[in-house]
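One-based numbering, in listed order, for ligands and for the atoms of each. Predicted model, so just to flag it, every value in this text is computed and none were measured.
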Amino acid sequence: MVAAILLATNGQGHNRHGTHTASTAAGNYVKDASFYGIAQGTARGGVPSARIAAYKVCHSGCKEADILAAFDDAIADGVDIITISLGSFMAMEMRYDSISIGSLHAMQKGILTVHSAGNNGFAPETVSSVAPWLLTVGASSMDRGIITNIALGNGKKIDGKSVNAFKMNGTEFPLVYGKDVTSNCSEISARLCYPGCLNSSLVSGKIVLCDEIKGIEEALNAGASGTIAKTGKTSDVSFVVPMPASALLTNNLKLVQDYINSTKEAKAFISTSETTKNIDAPLVASFSSKGPNPIIADILKPDITAPGVEILAAYSPVAPVSSNYISDERSVKYNVLSGTSMSAPHAAGAAAYVKSAHPDWSPSAIKSAIMTTETVQNLFKDNSIDCSKLKQVEVTDLNYPSMAIEVKKSVPLSASFSRTVTNVGLANSTYTATIDKSTSDCNITVEPATLSFKQMNEKKSFVVTVKGDQVRSMISSSLVWSDGVHFVRSPIVVYPKSLPIGM
Ligand SMILES: *[C@@H]1O[C@H](CO)[C@@H](O)[C@H](O)[C@H]1NC(C)=O
Ligand SMILES: *[C@@H]1O[C@H](CO)[C@@H](O)[C@H](O)[C@H]1NC(C)=O
Ligand SMILES: *[C@@H]1O[C@H](CO)[C@@H](O)[C@H](O)[C@H]1NC(C)=O
Ligand SMILES: *[C@@H]1O[C@H](CO)[C@@H](O)[C@H](O)[C@H]1NC(C)=O
Ligand SMILES: *[C@@H]1O[C@H](CO)[C@@H](O)[C@H](O)[C@H]1NC(C)=O
Ligand SMILES: *[C@@H]1O[C@H](CO)[C@@H](O)[C@H](O)[C@H]1NC(C)=O
């Protein structure tokens, strides 16, 4: 059974967020699910046969006591995996953080907690899920993307971002700029299509260009037929729009601005969204909260990424279809949402699969299997934790599937990581270490470089040593153990104490 501890986004009591995340973790098969035909196909959760227990912890706000009570209830109910798609805006000390505490209790009972990394990823050290016993999940794109094409009267076609279900009633529409169709606003406000700025009689039946994504709501209220807008911060994500609309990056927006300026009879058409093949996927989403870990520098976070961009999943028909536009009064059973909230239940599904194949595996074994893909490294050797012992261990020697260390800029680099692995492959097997050679900034060695196992569950230890000159910028590499069939990858990250801005 997968437990979903769910976030109901706001005080309105519409549980859309929980419906979406729960159905991603463990929903049943549904043929021909789509958002008005967009992203159509068979929808299913990570483990369709799993049962879901949902615990609603957010009513108006998400109270620490409610979060802890939900963990207690889920543990008492005997769940196998917990997935939790909520968290603080910034990382908190673990002893003050209900999710860190609740998930520690869950781990002691053999239950892995999968947690969203956060949606604040526009700078380093923004990850808010930091505890070593959590599986912290960032969001990445997948090979199916959603785009909305714009055709200009001069024949130019431009791909924009939005989830636009509307079919425009016609082949071309007059195109006007917000700044040219206002009666009582400054040029700056009108360019943004600021609330109250557009004159209905000047925009009715036309497509309006706005320099700001939020302008879509004003264009809708003023009776425009469509909107072309500048993307917000998350320019790599398509969001559901309440009218024919498409969002463009600055360079493409300029094409439209220039076109409007070049003619007295500008025209445009906005297509219904279509799905495309993202050839560069998976890419980490702009919004996905980033490491390094602001609380325990040497535990790399997030642990993994999973699909969290433009995810189609179940949705409450009484919830507003687009959270950004209150005027949108449509009702749907499936909706497209983006966030680490959407990626965490994907990872929870994977964890539930591992758990069903290996019911005896510990939470850290499951987590390690997902992070390294094949082998098992136990973070804690058994399920009883002696915290006094834990403190005596160097963080770099915690048996974590990834290796990270924050170093001083002023001294030559010298660091080592001790790890122990457990053989869960073939009884007789020999694994050889390979270091990703793409970094020439340091020398990384593994001792011993070969591990020979004679039986199942046999444990072997090794030490990874990193040496080099003073570290000026982040070094990232990886260690891969392979027997020629299985590949077990652990990221290695070394970074200087104060990170350069704009990384
Ligand atoms: C679409 O255009 C047709 C023909 O001009 C018109 O009859 C119909 O009412 C329009 N529908 C909408 C939704 O505007
Ligand atoms: C909107 O524009 C029309 C046409 O220019 C004008 O007659 C009208 O007064 C304007 N409305 C407002 C509220 O300013
Ligand atoms: C502009 O005028 C309209 C119509 O009078 C009004 O509804 C709107 O609030 C005004 N906008 C601003 C920004 O003052
Ligand atoms: C618009 O065109 C006019 C004349 O063609 C030009 O002077 C002006 O700089 C242009 N404005 C913009 C914003 O490109
Ligand atoms: C492993 O290999 C050794 C020697 O090559 C052999 O004696 C032993 O039976 C093998 N064990 C298994 C489980 O295959
Ligand atoms: C790596 O090791 C080689 C051989 O010992 C040495 O020449 C080189 O300078 C080292 N590189 C770094 C970055 O320390």
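- Between the side chains of Lys459 and Thr420, not a single donor N or O lies within less than 3.5 Å of an accepting N or O.
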Go through the steps for Leu479 and Thr434 under the test side-chain contact (heavy atoms from CB on, under 4.5 Å), then give the verdict. CA-CA 6 Å; Leu479 159 67; Thr434 317; over 6 Å; no
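- Listed by number with element, the atoms of ligand 2 under 4.0 angstrom from any heavy atom of Ser183 are 1 (C), 10 (C), 11 (N), 12 (C), 14 (O).
- Of all atoms in ligand 2, numbered sequentially from 1 with element shown, those under 4.0 Å from a heavy atom of Ser201 are 1 (C), 2 (O), 3 (C).
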Please report the C-alpha distance between Thr126 and Lys290 in whole Å, then the side-chain angles of each, then the deciding distance to 0.1 Å, and finally whether the side-chain hydrogen bond (donor to acceptor under 3.5 Å, both in side chains) criterion is met. CA-CA 5 Å; Thr126 43; Lys290 309 288 188 292; over 6 Å; no
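- Side chain to side chain, Lys367 and Tyr400 meet the donor-acceptor criterion of an N or O pair below 3.5 Å.
- Residues Tyr177 and Asn261 bring no donor and acceptor atom of their side chains to less than 3.5 Å of each other.
- Side-chain atoms of Lys301 and Thr136 include a donor-acceptor pair closer than 3.5 Å.
- Residue Ser273 is tested with Val336, Val241, Val240, Asn164 for a side chain to side chain contact (heavy atoms under 4.5 Å, CB included); the sole match is Asn164.
- Using a heavy-atom distance under 4.0 Å as the criterion, the protein contacts of ligand 6 are Ser440, Asp441, Cys442, Asn443, Gly468.
- Taking any N or O of Pro195, backbone or side chain, none lies under 3.5 Å from an N or O belonging to ligand 3.
- Residues Phe462 and Trp481 bring their aromatic ring centres within 6.0 Å.
- At a heavy-atom distance under 4.0 Å, only side-chain atoms of Cys185, from C-beta outward, approach ligand 3.
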